[in-house]
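Reviewing the structure listed below.
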Amino acid sequence: MDRIQITGGASLNGVIPISGAKNAALPLMIASLLTDETLTLANVPRLSDVTALSRILSNHGVDRMVAGKRAGQSAETGQTIALTARTIVDTCAPYELVSTMRASFWVIAPLIARTGEARVSLPGGCAIGTRPVDLLLMALEKLGAEIEIEAGDVVARAPKGLVGGEIVFPKVTVGGTHTALMAAVLARGTTHIVNAAREPEVTDLAHCLVKMGARIEGIGTSHLVVTGVARLTGAHHTVLPDRIETGTYAMAVAMTGGDVLLEGARADLLDSALGTLSQSGAEVSSEEGGVRIRRNGGGIAPVDVTTEPFPGFPTDLQAQFMALMTRAGGTSTIRETIFENRFMHVQELARLGARIRLDGDVAHVEGVERLKGAQVMATDLRASVSLVIAALAAEGTTTINRVYHLDRGFEALEAKLSRCGAQVQRIAGG
Ligand code: UD1
């Protein structure tokens, strides 16, 4: 397994291109199952989760064409992928394929919407809490699907097709909203999705579905109204920039000091996190071409945060922000309200000298004068990158083991950081 070695202490200066959002690319790719025409997606990041999902989609009969690189495009320019599900050849997504990535469970919605049946293994993914699928199944049932669990698989049937209905989510769920949307667009009649997630990636999916011929009102709000249509067509859609990658590099710069343009980033996708970073002492400005983040001189101020659904502070930036707070001039509290058990980075940050006390869903982070390099272990996607941020500011060398988690969600991480002056290298195997 690869490891990443980081020698801390350098400030970051330069330009970091922001990739297309993983969490938008995945549901958009899945939406290709809804039509027999071609869905072309541009700005798709080169990530192992994208590769894994491509494999799952091929199993259902989706043909994939990846456009070659053009002159002037760098390795980090997102790829353009054309997906065509002319015929669904298999409505079954087996354990071997689904177990590594939770989002792949979402294929259940377009499969049942288009063919009236689906058999999908219960999901895997990051080990951050129990992460059930009860609300996704509830949404499908509200549209008339019959659901059974057989041998670890969810079997969904709607032999006469799905019918519009009212789906009221008791809590905000991104995956639940993606599922409800993809099921409702081909259902007969009107569907109301109440307390829908408003995350930009949900909105991106909704906009793409509209280009494919879907009728959706209330996009960007928590009440979506979908009027089913008989069929959807092909479309061309560009994946929006990754707000979590943006926030992660912004926190890295706030941690090390320096001046970096996050090229292609959109500040409006992460107002809350950027506001928090400003409070911590970083300068954040939106400019043509992206978002600039600076911290020159001045310390890191402690700031309290609570994770919330969009537009609140995202849970996917909680670990990275905690890494930043380990060097703050005082104590901060970080409350995690979305996932229980999403504090696995705490013990690894402690190996670098961080002082963090856990109390239920709250972490009390007491800033320390210095962090020191050590061997650490990546435990999940966002936790791994929090270790990268801490290592960039630690004295000496940190070795991060099990970096396959990083490859799931961060495109060309070492290249992007080294070009801005960080000492980062990947050590293959071992
Ligand atoms: C998505 C993101 C993930 C992010 C999360 C919250 C992708 C690929 N992943 O995950 O990076 O951290 O949103 O912003 O886009 N829940 C239930 N029952 C369900 C479904 C969810 O109780 O059936 C709960 C979850 O346990 C969690 C909360 O709802 O406590 C939110 O989860 P959800 O928004 O569904 O997360 P994902 O879609 O899995």
Residues E283, S278; criterion side-chain hydrogen bond (donor to acceptor under 3.5 Å, both in side chains); working and verdict: CA-CA 6 Å; E283 275 174 61; S278 304; over 6 Å; no

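The shortest side-chain heavy-atom distance between L371 and R327 falls under the 4.5 Å cut-off. For the pair P314/T307, no side-chain contact is recorded, criterion being any heavy-atom separation below 4.5 Å from C-beta on.
Although no hydrogens or angles enter the test, the distance criterion places a donor-acceptor pair under 3.5 Å between the side chain of N59 and the main chain of C92. Not one N or O on the side chain of D259 forms a donor-acceptor pair closer than 3.5 Å with the backbone of R294. Using modelled atom types, one side-chain atom of T35 and one backbone atom of L232 make a donor-acceptor pair closer than 3.5 Å. Under a 3.5 Å cut-off, the side chain of S384 and the backbone N or O of H405 do not form any donor-acceptor pair. Without hydrogens or angle criteria, T115 side chain to E117 main chain gives a donor-acceptor distance under 3.5 Å. For S418 (side chain) and Q423 (main-chain N/O), no donor-acceptor pair under 3.5 Å exists by modelled atom type. H60 places a side-chain N or O within donor-acceptor distance of the main-chain N or O of D90, the cut-off being under 3.5 Å. Looking only at distances, a side-chain donor or acceptor of R295 sits under 3.5 Å from a matching main-chain atom of G298. Looking at D153, its side chain never comes within 3.5 Å of a backbone N or O of V155 through a donor-acceptor pair. The closest donor-acceptor contact from the side chain of E146 to the backbone of A156 lies at 3.5 Å or more, if one exists at all.
Here ring pair (Phe, Tyr, Trp, His ring centres under 6.0 Å) pairs that include residues 290-315, with residues two or more places apart or in two chains, are F313-F321.
Every residue two or more places apart in sequence or in another chain that forms a side chain to side chain contact (heavy atoms under 4.5 Å, CB included) with N401 is listed here: R3, Q375, M377, T399. Every side chain to side chain contact (heavy atoms under 4.5 Å, CB included) that H364 has, sequence neighbours left out, goes to T333, R357, D359, V362. Annotation: side chain to side chain contact (heavy atoms under 4.5 Å, CB included) contacts of A42 (sequence neighbours excluded): T80, H236, T238.
Atom-to-atom distance recorded for S48:OG and E411:CD is 11.5 Å, nearest 0.5 angstrom. Of the inter-residue distances, the one linking D304 atom CG with M325 atom CE reads 9.5 Å to the nearest 0.5 angstrom. Here CG of L83 is found 4.5 Å from OG of S32. Values are rounded to the nearest 0.5 Å. In this structure, CD in E336 is found 8.5 Å from CE in M322, a value given to the nearest 0.5 Å. The distance from the CZ atom of R119 to the CD1 atom of I112 is 13.5 Å, given to the nearest 0.5 Å. With rounding to the nearest 0.5 Å, the separation of CG in L387 from CG in L352 is 6.5 Å.
Using a 3.5 Å distance cut-off with no hydrogens or angles, the side chains of T7 and T397 do pair a donor with an acceptor. When only modelled atom types and interatomic distance are considered, N195 and H223 share no side-chain donor-acceptor pair under 3.5 Å. Between the side chains of Q318 and H345, at least one donor N or O lies within less than 3.5 Å of an accepting N or O. K372 and T398 share no donor-acceptor pair across their side chains, judged by distance under 3.5 Å alone. Of the N and O atoms on the side chains of R342 and T315, at least one donor lies less than 3.5 Å from an acceptor on the other residue. Judged by distance alone, the side chains of T51 and D49 never bring a donor and an acceptor atom under 3.5 Å apart.
What you find for I293 and A282 is that their closest heavy atoms are CD1-CB, 3.9 Å.
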Return all side-chain donor-acceptor pairs below 3.5 angstrom for residues 246-255, not counting sequence neighbours, or 'none' if the list is empty.
from : atom 1 : to   : atom 2 : distance (Å)
T246 : OG1    : D242 : O      : 2.7
T248 : OG1    : I244 : O      : 2.7
T248 : OG1    : Q320 : NE2    : 3.0

Per-pair distances, 0.1 Å, donor-acceptor, side chain in residues 22-31, under 3.5 Å, sequence neighbours excluded:
none

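Counted within 6.0 Å of CD on E369, heavy atoms from surrounding residues, nucleotides or ligands total 12 or fewer; the atom is thus considered open. Within a 6.0 Å sphere centred on CZ of R426, other residues, nucleotides and ligands contribute more than 12 heavy atoms.
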